[in-house]
**Q** 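Questions regarding the structure given below will be posed in turn.
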Amino acid sequence: MPDTSLRVLSLIPPMTQLNTPYPSTAYLTGFLRSRGINAHQSDLALALVLRLFSRQGLQDIHKAVKDVAEPRRSPQLQHFDAQFERYLSTIVPTIAFLQGRDPTLAHRINTRQFLPEGKRFESLEVYVAEDGEDPLAWAFGALGLQDRARHLATLYLNDLADVLRDAVDPRFEFVRYAEQLATSQPSFEPLAEALAAAPNLVDTTLHDLTLQTLHRHQPKVVLVSVPFPGAVYAAFRIAQTIKAHDPGIVTVLGGGFVNTELRELTEVRVFDYFDYLTLDAGERPLLALLEHVRGQRGRQRLVRTFVREHGAVRYINFVEPDIAFDQVGTPTWDGLPLHSYLSLLDMLNPMNRLWSDGRWNKLTVAHGCYWKKCSFCDVSLDYISRYEGASAATLVDRIEAIVSETGQTGFHFVDEAAPPKALKALAAELQRRGTAISWWGNVRFEKTFSPELCLELADSGCVAISGGLEVASDRLLKLMQKGVSVEQVARVTKAFSDAGILVHAYLMYGFPTQTVQDTVDALEYVRQLFENGCIQSGFFHRFACTVHSPVGKDPAAFGVSLQPLPPVSFAQNDVGFIDPTGVDHDLLGRALKKAIYNFMHGIGLEEDVRSWFNGRVPRATVPRHKIARALARG
């Protein structure tokens, strides 16, 4: 019989995403309901933004601006104050436009006379053509009415976020909110001080929203899922409100941040806010915990759970098998305001657009990574190391149930690397049933993705693929155990592109022992991949060593040594390392990012890659037509 007496509420804390719900609560709610548990969910990240960026919210922000002494008023605050009436009259229709409820407003937004334009709009000036043409024509073309307006409206929201940051909370961000308080933060003290400080407008707004949510759902247990460091501060503020309101409500913290950064937790003050912390896949620990709350299981039989006991932190792990991936149930978005999310267009990058524009149903093809060898990855942790799939029939059953519930046919498969065999079976099952969806996801660029398979995936609805090329160097790819070569990546990405699928490459710089020559050669490979139509989008990330990766566990094998870690009682993830090459990767990184930004727009593809670097760098040793020849041989 379903247990309706124990009401469980899962919360998404600020800040995660604004265009679509972060999927953790949908997974947990769907699973708990499949086990007869009275489970509900709410997105406080979206609720906070919609409250702050409303007429009343802007009036509250304006009061805070007025309280800032004149000498300390930034140009953004001065502009907001001068244009306040325009902001007040445009905020409601602009939010409605970004929610897809008022698409005809695009015509007024595109006149550039409707929205007040602050500092963020200065970014458009770099696109102004010499002949005076529309500065955004290159990005959106003749058919980009909605896209153009969405980008302008996003700049408008970013202007308002700057005002909020300058006048109310310098830590405020739409994604990385106060993340410096949590990212690899060995001590809880900075977070504790922030939580003890007098609440500002953002804090009080979140406090009110939390109380309203508690009143609406009347939960006995509240689950707070924290995927990123940028959601930690708000998660603790939510728990602080809950405990002040009703200490009897059981609060539980879990999610990606906990799973990666709090594995060595010894800080007891965390338990002033949360009664329990759970690690890794949440289904089994939650079932055990809820049985404990009901009095059906002793504390000694909790699974992968931190508790406070006798004034100290204790980790309890009564070993029980995890819930099989094909038995975790179907995610549900019931209770989330699907028509209120904001479809933003921030960066003019094709793959970034998929992340932030439009509402995608997030689903996992398989748990974990079938490769789990990459030396920069957290392969020792459960979310990577425990690989487990489900049948194509089960996956399509879930897809069809989600489409029926949400009315949305777009899917983002959030796997670490979706297995090609599973994707092939999934495509065939979608085709067999005549289920029409659009989907995209992350893969390894391995040879199994033949031109024939890429066409099958495109026919099933695949619109984009991302994958890690990392450092485009065969020496470094071998060192990081990617299991691919640059030429193989070229052939696979070309097969995807020829099938009409957009390809985004995740790129890396600063990997251990990477030299300046390696970096120049990597950029030359990337230039050729764009030139030959293999990839259409890419982004360079700076390599970060984590304590859970092969590099972090055995740095000597990669030619580096780790910097000593301070005593850790709270978060631990990134760790500094000493690379004997002594290369200034930050300086090189600026050139790499500038180059790839231009490559995505078809600019500079004929130039020597050395032209992107400040100062002298060696000539590329890669033959200028190596990728073209590899494709011809393929």
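Everything quoted here is computed from the prediction, not taken from an experiment.
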**Q** With a 4.5 Å heavy-atom cut-off, do Glu283 and Leu287 have their side chains touching?
**A** no

**Q** Should Asp382 and Arg304 count as an ion pair when the cut-off is N to O under 4.0 Å?
**A**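 No, no charged N to carboxylate O under 4.0 Å.
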
**Q** Take the angle between the ring planes of Trp439 and Phe413 and call it parallel below 30°, perpendicular above 60°, tilted in between.
**A** tilted

**Q** Please work out whether the ring planes of Phe228 and Tyr22 are parallel, tilted or perpendicular, with thresholds of 30° and 60°.
**A** perpendicular

**Q** Mind checking the OG-CZ spacing from Ser450 to Arg491? Nearest 0.5 Å is all I need.
**A**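 Interatomic distance, Ser450 OG to Arg491 CZ, rounded to 0.5 Å: 13.0 Å.
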
**Q** Less than 4.5 Å apart, side chain to side chain, heavy atoms only: is that true for Ile12 and Leu44?
**A** no

**Q** Taking Gln572 for the side chain and Arg263 for the main chain, is one N or O donor matched with an acceptor at less than 3.5 Å?
**A** no

**Q** Just by distance, do the side chain of Tyr27 and the backbone of Thr364 share a donor-acceptor pair under 3.5 Å?
**A**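 Answer holds: yes.
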
**Q** Determine, stepwise, if the pair Tyr509 / Leu507 fulfils side chain to side chain contact (heavy atoms under 4.5 Å, CB included).
**A** CA-CA 7 Å; Tyr509 65 98; Leu507 299 157; over 6 Å; no

**Q** Is a donor on one side and an acceptor on the other found under 3.5 Å between the side chain of Gln41 and the backbone of Thr332?
**A**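 Indeed, once roles are kept as given, a pair shorter than 3.5 Å links the two residues.
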
**Q** Measure the spacing between NZ of Lys594 and CD1 of Ile603 and express it to the nearest 0.5 Å.
**A**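 CD1 of Ile603 is found 11.0 Å from NZ of Lys594.
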
**Q** How about Phe577 and Phe543: are their ring centres within less than 6.0 Å of each other?
**A**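 They qualify: ring centres under 6.0 Å apart.
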
**Q** Are the aromatic rings of His412 and Trp440 close, with centres under 6.0 Å apart?
**A**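 They qualify: ring centres under 6.0 Å apart.
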
**Q** So, taking the atom named OG1 in Thr546 and the one named CD in Glu261, what distance separates them when rounded to the nearest 0.5 Å?
**A**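 One gets 9.5 Å once the value is rounded to the nearest 0.5 Å.
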
**Q** Does Leu9 form a side chain to side chain contact (heavy atoms under 4.5 Å, CB included) with His40? I'd like the steps, not just the answer.
**A** CA-CA 5 Å; Leu9 175 64; His40 303 269; 4.2 Å; yes

**Q** For Val622, check side-chain contact (heavy atoms from CB on, under 4.5 Å) against everything at least two apart and list the hits.
**A**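 Partners of Val622 under the side-chain contact (heavy atoms from CB on, under 4.5 Å) test: Asp521, Glu524, Tyr525, Gln528, Lys626.
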
**Q** Looking only at non-hydrogen atoms, find the nearest pair between Gln536 and Ile501 and report the distance.
**A**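 It is OE1-O, 3.8 Å.
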
**Q** Does the Ser24 side chain pair with the main chain of Ser225, one donor and one acceptor, at a distance under 3.5 Å?
**A** no

**Q** Could you tell me if Arg542 sits above the aromatic ring of Phe376, with its cationic atom closer than 6.0 Å to the ring centre and no more than 45 degrees from the axis?
**A** no

**Q** Please indicate whether Gln408 has more than 12 foreign heavy atoms, meaning atoms of other residues, nucleotides or ligands, lying under 6.0 Å from its CD.
**A** yes

**Q** Is the closest basic N to carboxylate O distance between Arg297 and Glu320 below 4.0 Å?
**A**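 Looking at Arg297 and Glu320, the cut-off is met.
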
**Q** Do you know the tightest heavy-atom contact between Arg386 and Ala281?
**A** NH2-CB, 3.3 Å

**Q** Find the distance between CG (Leu469) and CZ (Phe540) and round it off to the nearest 0.5 Å.
**A**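 These two atoms lie 8.0 Å from each other.
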
**Q** Surrounding CZ of Arg176 (heavy atoms of other residues, nucleotides or ligands, distance under 6.0 Å), is the total greater than 12?
**A**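 Incorrect, the count does not exceed 12.
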
**Q** Nearest 0.5 Å, what's the SG-CE distance between Cys374 and Met480?
**A**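 Answer rounded to 0.5 Å: 8.0 Å.
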
**Q** Do Thr305 and Phe318 make a side-chain contact, defined as non-hydrogen atoms from C-beta onward lying under 4.5 Å apart?
**A** no

**Q** Side-chain donor-acceptor pair under 3.5 Å between Tyr341 and Asp43, yes or no?
**A** yes

**Q** Can you find a side-chain donor-acceptor pair between Asn573 and Ser184 that sits under 3.5 Å?
**A** no

**Q** Under the side-chain hydrogen bond (donor to acceptor under 3.5 Å, both in side chains) rule, what pairs show up with a residue in residues 422-433, not counting sequence neighbours?
**A** Asp397-Arg433, Glu400-Arg433, Lys424-Glu456, Glu429-Arg432, Glu429-Arg433

**Q** If we ignore hydrogens and angles and just use 3.5 Å, is the side chain of Gln99 paired with the main-chain N or O of Ser340 as donor and acceptor?
**A** yes

**Q** So, does Asn532 use its side chain to make a donor-acceptor pair with the main chain of Cys534 at under 3.5 Å?
**A** no

**Q** To the nearest 0.5 Å, what is the distance between CZ (Phe411) and CG (Leu426)?
**A** 10.0 Å

**Q** So, does Arg359 use its side chain to make a donor-acceptor pair with the main chain of Thr20 at under 3.5 Å?
**A** no

**Q** Counting only heavy atoms from other residues, nucleotides and ligands, does the tally under 6.0 Å from NZ of Lys372 exceed 12?
**A**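 Count over threshold, so yes.
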
**Q** Between His504 and Ser466, is any side-chain donor less than 3.5 angstrom from a side-chain acceptor?
**A** no

**Q** Can you tell me if Ser497 uses its side chain to pair, donor with acceptor, with the backbone of Lys494 under 3.5 Å?
**A** no

**Q** Is the closest side-chain heavy-atom distance between Leu262 and Phe257 below 4.5 Å?
**A**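 In contact.
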
**Q** For the rings on Phe449 and Phe496, is their centre-to-centre separation under 6.0 Å?
**A**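 Here the rings of Phe496 and Phe449 have centres that are less than 6.0 Å from each other.
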
**Q** Do Arg444 and Val484 have side chains that approach each other closer than 4.5 Å (heavy atoms only, starting at C-beta)?
**A**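 Counting from C-beta outward, Arg444 and Val484 do come under 4.5 Å.
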
**Q** Indicate the atoms forming the closest heavy-atom contact of Ala392 with Ala425, along with that distance.
**A**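 So the two residues come closest at CB-O, 3.5 Å.
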
**Q** What do the steps show when you test Arg150 against Asp147 for side chain to side chain contact (heavy atoms under 4.5 Å, CB included), and what is the final call?
**A** CA-CA 5 Å; Arg150 195 174 293 117; Asp147 287 351; 3.2 Å; yes

**Q** Would you find a donor on one side and an acceptor on the other, under 3.5 Å apart, between the side chain of Asp415 and the backbone of Val365?
**A**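 Yes.
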
**Q** With a 4.5 Å limit on heavy-atom distance, are the side chains of Phe511 and His585 in contact?
**A**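 With C-beta onward as the side chain, the pair stays apart.
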
**Q** Check for a donor-acceptor pair, side chain of Asp554 on one end and backbone N or O of Pro550 on the other, with a separation under 3.5 Å.
**A** no

**Q** Do you know the tightest heavy-atom contact between Thr16 and Pro227?
**A**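 Nearest pair, atom of Thr16 first, then Pro227: CG2-CG, 3.8 Å.
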
**Q** Tell me whether the rings of Tyr506 and His541 are parallel (<30°), tilted (30 to 60°) or perpendicular (>60°).
**A** tilted

**Q** Do Val471 and Gln514 have side-chain heavy atoms sitting under 4.5 Å apart?
**A** yes

**Q** Between the side chains of Lys478 and Asp474, is the shortest nitrogen-to-carboxylate-oxygen separation below 4.0 Å, so that they form an ion pair?
**A** no

**Q** Would you check if Leu338 and Pro21 make a side-chain contact, meaning some heavy-atom pair closer than 4.5 Å?
**A** yes

**Q** Given the rule in the side chain to side chain contact (heavy atoms under 4.5 Å, CB included) test, do Arg633 and Glu487 qualify, once you have shown the distances and angles that lead to the verdict?
**A** CA-CA 10 Å; Arg633 288 195 301 273; Glu487 290 193 9; 2.8 Å; yes

**Q** Consider only side-chain N and O atoms of Thr515 and Gln517, and report whether a donor and an acceptor are under 3.5 Å apart.
**A** no

**Q** Provide the closest heavy-atom pair for Val221 versus Val252 in the form atom of the first, atom of the second, distance.
**A** CG1-CG2, 4.1 Å

**Q** What is the minimum heavy-atom distance between Leu46 and Leu18, and which atoms define it?
**A** CD1-O, 4.3 Å

